[in-house]
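Heads up, the thing below is written out as structure tokens.
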Number of protein chains: 2
Amino acid sequence: MRTQKVEPENVDQKLFETFSKLGYDGASMEVLAEATGLKKASLYHRFPKGKKEMALHVLRFVEQWITDSVVTIAHDQKIRAATRLRKIVSAINELYAGGANNCLLRTLSVGTDADAFKEDVQRCLDLLADGFATISIDLGNTAAVAKEKGKQINLLLQGSLVMTGATGDLSYFKNILSRLPSLLA
Amino acid sequence: MRTQKVEPENVDQKLFETFSKLGYDGASMEVLAEATGLKKASLYHRFPKGKKEMALHVLRFVEQWITDSVVTIAHDQKIRAATRLRKIVSAINELYAGGANNCLLRTLSVGTDADAFKEDVQRCLDLLADGFATISIDLGNTAAVAKEKGKQINLLLQGSLVMTGATGDLSYFKNILSRLPSLLA
DNA sequence: GTCTATAGCTAGATAGAC
DNA sequence: GTCTATCTAGCTATAGAC
């Protein structure tokens, strides 16, 4: 048929999940096709430059998510800073399924083609740190202190996701999320 | 020739480095052969069950390193706790090349065969946490508090290595290492 | 836009000479 | 114990029908 079998947003979501879980080298075209519900050739129709283009596309998908769910919320002066942070924490908790999901930014940082993704990964991490720093400033910190706290949150989230992923113990992730308000204050 | 071309310890080291850098799926037999200086068939002679056996062997290599460089040192009552910790920090700094190297326990936690390594990865992480906890107890904390601190150090080290690996900024790793004494006190 | 079929290559793994 | 040569399966990617 000529009509789309799967919505682009659903394809993005499945590619995101698969790359997050298996990394770039572990996510074969066969697996990606099964995950999206499309045949390999159809995936190539949507991403003519192949797997690398898919991963870069998913990274932009994540960058957009961060912009919408962290950065924009963080800057919304109509809402109290503490409330903004609660919304961000809730979004992050949902994205990572309470710690059960790996972080794409981490899984794409290891492998044969990691260099190709480094720039986009860094931009995403910077956006996250800036979002957290914005909240921290509004909670009463100087820009310099807030910037350091933002970077520290990135470190703690990544560490908690590694530990939760390796051990299966969701409390690593859960604890960091619940401590975010005090860590940014 | 019938004699060994490369010492087993050197093979272990190169396999460790390659799996750490590229992960399991990214470390092809071809790449592993080049890294060790052996041909593929020679690697199969040493590891008849193939790549999975190599990765498991390297995990035991790491477990031994942790036992020698962290656990045993941590329990050495002949030395002051603060001095023991300095030795451990120094060893960790060297292993990770100041943050430039990825952590094998993390890179083997993602990919198509991650399940096969999970048990060993967990054991290594537990050993590390126990080593840190031992120091923390000797610095005056209760067993319960020390245990939590040990787990937190694992989280911080993993997080710092992810951030340093993704951004190239060695200070994430360096800062955590320098804070270990106060974090365990 | 999706599909079947397949090209061309590289992966993990083996056989057998030395 | 190491090597060259090779097998098979899986990989990324493409061709062309519908």
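Because the structure is a prediction, the values reported are computed rather than measured.
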Using a cut-off of 4.0 Å on non-hydrogen atoms, how would the nucleic acid contact of A:A33 be classed: base, sugar-phosphate, or nothing? nothing
As a test of reading the structure: which of C:dA15, C:dT2, D:dG1 is closest to the side chain of B:A41, going by heavy atoms? C:dA15
Please report the distance, rounded to the nearest Å, between CZ in A:F47 and C1' in D:dT14. 18 Å
Protein-nucleotide distance (A:D113, atom CG; D:dT12, atom C1'), rounded to Å: 12 Å
Can you tell me the distance, in whole Å, between the CG atom of B:D25 and the C1' atom of D:dT12? 15 Å
Return the nearest nucleotide to the side chain of B:K51; candidates are C:dG12, C:dT2, D:dT12. C:dG12
To the closest 0.5 Å, what do you measure between CG (B:L95) and CG (B:L104)? 9.5 Å
Calculate the interatomic distance between B:E30 atom CD and D:dC3 atom C1'; express it in whole Å. 14 Å
Does B:Y44 have a side-chain nitrogen or oxygen under 4.0 Å from the phosphate oxygens OP1 or OP2 of C:dA13? yes
Would you mind reporting whether B:L125 and B:Q158 have side-chain heavy atoms less than 4.5 Å apart? yes
Pair A:E63 + A:R60, salt bridge at N-O below 4.0 Å: no
When the distance from CG of B:L22 to C1' of C:dG12 is rounded to whole Å, what number comes out? 16 Å
Between C:dA11 atom P and B:Y24 atom OH, what is the distance in whole Å? 14 Å
NA contact type, A:S28, heavy-atom cut-off 4.0 Å: base, sugar-phosphate, or nothing? sugar-phosphate
Salt-bridge criterion met for A:D115 and A:K118 (N-O under 4.0 Å): no
For B:K40 and D:dA5, what is the distance between atoms NZ and C1' respectively, to the nearest whole Å? 11 Å
Check ion pair A:R123-A:D126 (N to O, under 4.0 angstrom): no
A:L32 CG to D:dA13 P, straight-line distance once rounded to whole Å: 11 Å
Hey, does the side chain of A:K5 come within less than 4.0 Å of C:dT2's phosphate (OP1/OP2), counting only N and O? no
From D:dA13, C:dG1, D:dT2, pick the nucleotide closest to the side chain of B:L38? D:dT2
Among D:dT2, D:dT12, C:dA11, the one nearest A:M29 by side-chain distance: D:dT12
Among the candidates D:dC3, C:dT14, C:dC3, find the nucleotide nearest to the side-chain atoms of B:S42. D:dC3
Quick one: is C:dT2 close enough that its OP1 or OP2 comes under 4.0 Å of any side-chain N or O from A:H45? no
